[in-house]
Amino acid sequence: MDFGKIEKKWQKIWKAKKFYKTKDKISGKKNFYHLVMFPYPSGNLHIGHWYNFAPSDIFARFKKMSGFNILSPIGFDAFGLPAENAAIKRNIHPKDWTYKNIKTMSKQLESMGNMYDWSREIITADPQYYKWTQWMFLQLYKKGLVYKKKAPANWCPKCHTVLANEQVISGQCERCDSQVIQREIEQWLFKITDYADKLLKDLDDLDWPEKTKTMQRNWIGKSEGTEIEFKINDSEFKINIFTTRLDTIFGCTYLVMAPEHSLLKNNKLGINNYEEVKNYLDQAKNKSDLQRTELQKNKTGVELKGIKAINPFNNEEIPVYVADYVLGYYGTGAVMAVPAHDQRDFEFAKKYKLPIKQVICQNYPSPICPILEKAFTENGHLVDSKNFTGLTPQKAREEMANWLEKNKVGKKNINYKIRDWLVSRQRYWGAPIPIIYCDKCGIIPVPEKNLPVKLPNVKNYLPTEEGKSPLAHSKKFINTKCPQCGAQAKRETDTMDTFVCSSWYYLRYADPNNSKKFADPKKIKAWLPVNMYIGGAEHSVLHLLYARFLTKVLYDLKFINFKEPFASLKHQGIILGPDGQKMSKSRGNVIDPDELVRQFGSDCVRMYLAFMGQYDQGGPWNPTGILGIKRFLERIWNSKNIIKNQKSWVKNADIEKLFHQTIKKVSEDIENFQFNTAISALMVLLNEVEKHKNSLSISHYSLFLKLLAPFAPHLSEELWQKLENKKSIHLESWPKYNPELIKEKEFELIIQINGKIKDKMFVNSGISQQKAQEIALNSEKIKSAISPDQKIKKIIFVPDKLINIVI
RNA sequence: GCUCUCGUGGCGGAAUUGGCAUACGCGCGGCGCUUAGAACGCCGUCCCGCAAGGGUUAGAGGUUCAAAUCCUCUCGAGAGCACCA
């Protein structure tokens, strides 16, 4: 049977009839926004894309048949580094490369037969789209959530651009794996840190995978502690430190400042050995993140000679060091070092022969504490801590913080790990940042009416080493007039991180062709927030965090009336190559879905992907089982003859019951994204039906086709129309089961002794414990298993399941 | 180092969430159909045992009438973060 032929036929008909065009409102139906993360136009679809798009379409089709008005759009995340890098490698203009890929990938996507509304397609590299990306930038700018600063940033020497914190993986560039270095450069940032608390709190109410929420929580990294002032002796300067272990302050034997600390610039503190310190600062600056990490085991630092800091709790004078194991961007950029209770301080103190003073001890009130071979970080009681001695660390932190606040030398404070989102890129293939520099007026945002700032079609799009965008070479682009005073001015030449484009695209689908607004508020209201969002877990702290941030900003600006973009979220697993490695062209382990579709048909491929295993698990691609699905579909195709050749129909209560049980099982499984067990239930049903051919009526057969429709949209449509139905099966409503009919009249009672199965027996459903007990004790097997001298201690009865005799 | 997943036949995986372990599919074996094969159909297929029966969810303990499921430790695989004070 050539399924490919049927599939092409229906795809053509659906396209011609605009069958999947979405209406914003259908009376009597609730809207349901079903969204799959839009693809990056990298070249061709691989089987991983199919795994993302095909099973999710099963869910969408099921929801549609269940009575919802579905929005299931598609588009392309078209700007960005990888496309640009790939284009450069092939010596093609990024635009040509990207649009060529979009064309191929669209064709491939169509061959899946998904219910996408192509009239709503969006492409983020389209000026009609990025006009609004630039508009978003301006809204954030107005709200004071965008700023520019010159500071060390993650620089990828191969991509010639800065990267956001989220795009640096273990000190390496997310895209090309080059070692990222720190480079002082002018950059634009979004103040995502202002939203750290909201981003954290609102996670609680989201229907998202728990691990994804955990990842975001860790990324945001809330940490409650105390900020303390340490005065410098004979000086007006103070060093502020942040700690979560205030209880250990009597064990503080020195302070450490990060090399980036502002008090270290130009020898403000009047240090005696500034030459030496300056040398150290310069060295630290040139270290990459990775180098700094690699040196974890071998910490370095320099003492600031000639100054001492004063511990406010005991007025002890302690030395101050600069060391790059302290981070400049976290907390206050300085810490109090307690070697006895912090492993990093412990290592440093050992190396520089600094005192290690234990103030938390397990043995309290015994005065003898064990000698430390590493930092002691567990719980105990305070020792050698003046009037705080004897307290638990928890209690001590409370009381010490009160003491600090009373004496005005410190206060409770909260720090977050998350850093501001660096959005500027020194690259060509992105949305230009809508900013103008005027000698007189300074930094001026482009007026909204002048948007979009179009990306010019330049010949020279190669990135440059000096840290400037290729757009800096385009005189036509740079030179402009100041919107405020009209004088000659220059445009910003950096472009935006592609994650800015993708952080709001879900809003645009509600109204993709609007030229006056990013979307009509009525249409936004009709569809958003997204009801079901599906995509890879690799975006947990990138796209998914950025999208939440932008939604919250738009909410605060009153453009939208919801705080979270994606009500429910599901991740699909990753399909690896047959060798168990990540699929990549260089490894040569990429599976081409087109070839599989030619061989088996798209219904078969999508169904096999759904059948392979749990949707969120993935794993190595193993094609051996696809024949099972192929056979299943062939059997369904042949089953039309059962009806045709049927002479007399015999009602069969068991088959009747199985049908209703299958409706229940399939419905619940699709709702829970358990497509594999839903398909297996359909297989069980077909197996039974084939055994009792004469008990299959036309209405049973129709019902089966409806259950099949989300999984195999083409085949089910073909068979449906062969039954002389005029309308499409995809306009039918999802079958409902009769709760009365699925009830089992009998069940197999499991009879256990001490939890081990000894006998099984069919009995009527709903029997009482008494009755079950009687039956169980009368069983020959049970009788012989219990010797006369053994007494029954207890009997456990689980209704309609089992009875357990404890002896 | 920290945070978090996961480990079930030869393979992909089920198990109503603590109540019949191995559903469904692949593969394999046997039989049928066939000149033969392919395809298809039927039967079998966790291990030991002729059987009665016993054992089995990476391994070892524990909780429970009852554990693949909960707890502790060990081993193994994977993901994310990583000097965050």
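Throughout, a chain's letter reflects where its sequence line sits, starting with A, and its residues are numbered from 1.
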Gap between atoms CD and P, on A/Glu634 and B/rC40 respectively (whole Å):
8 Å
Using the ring-ring contact (aromatic ring centres under 6.0 Å, His included) rule, pick out the option among A/Phe711, A/Phe600, A/Trp621 that qualifies with A/Tyr608.
A/Trp621
In whole angstrom, give the distance that lies between atom CD1 of A/Ile414 and atom C1' of B/rA85.
16 Å
Does B/rU63 adopt a syn or an anti glycosidic conformation, taking syn as a chi angle within 90° of 0?
anti
Any donor-acceptor pair, under 3.5 Å, between the side chain of A/Lys801 and the base of B/rC20, if you only look at N and O atoms?
no
May I ask which nucleotide in the shown strands pairs with B/rG44, Watson-Crick or G-U wobble, both distances under 3.5 Å?
B/rC28
Is the ring centre of A/Tyr325 less than 6.0 Å from the ring centre of A/Phe348?
yes
Whole Å only: how far is the CZ atom of A/Arg631 from the P atom of B/rG41?
8 Å
Rounded to whole Å, how long is the line connecting atom CD1 of A/Ile679 with atom P of B/rG12?
18 Å
Hey, does the side chain of A/Gln674 come within less than 4.0 Å of B/rA14's phosphate (OP1/OP2), counting only N and O?
no
Measure CZ/A/Arg397 against C1'/B/rA85 and give the value in whole Å, please.
13 Å
Whole-Å gap separating C1' (B/rG78) and NE2 (A/His571):
15 Å
Tell me which nucleotide, if any, is Watson-Crick or G-U wobble paired with B/rU22 when both distances must be under 3.5 Å.
none
For nucleotides B/rU64 and B/rC28, find the distance between their C1' atoms and express it as a whole number of Å.
40 Å
Categorize A/Lys665 for me: base, sugar-phosphate, or nothing, with a 4.0 angstrom heavy-atom threshold over every strand shown.
nothing
P-based separation of B/rG78 from B/rC71 [nearest Å]
24 Å
Any strand, both distances under 3.5 Å, Watson-Crick or G-U wobble: B/rG7 pairs with B/rC75
Think A/Asn687 has a side-chain N or O under 4.0 angstrom from the OP1 or OP2 of B/rA23?
no
Is the centre of the A/Phe762 ring less than 6.0 Å from the centre of the A/Phe747 ring?
no
Closest-nucleotide 5' rank along RNA chain B - winner of A/Ile626 and A/Ala334
A/Ile626
Which whole-number value in Å describes the distance from A/Met683 CE to B/rC24 P?
10 Å
Touch class at under 4.0 angstrom, heavy-atom based, for A/Asn415 against every strand present
nothing
Distance-only donor-acceptor test, A/Lys794 side-chain atoms vs B/rC65 base atoms, 3.5 Å
no
Does B/rA85 have OP1 or OP2 sitting under 4.0 Å from an N or O in the side chain of A/Tyr330?
yes
I'd like the P distance from B/rU8 over to B/rU3, given in whole Å.
25 Å
Rounded distance in Å - CE (A/Met612) to C1' (B/rC24):
15 Å
Looking only at the aromatic ring of each residue, does the gap between the centers of A/Tyr51 and A/Tyr615 stay below 6.0 angstrom?
yes
Can you work out whether A/Leu627 or A/Ser223 has the more 5'-proximal nearest nucleotide on RNA chain B?
A/Leu627
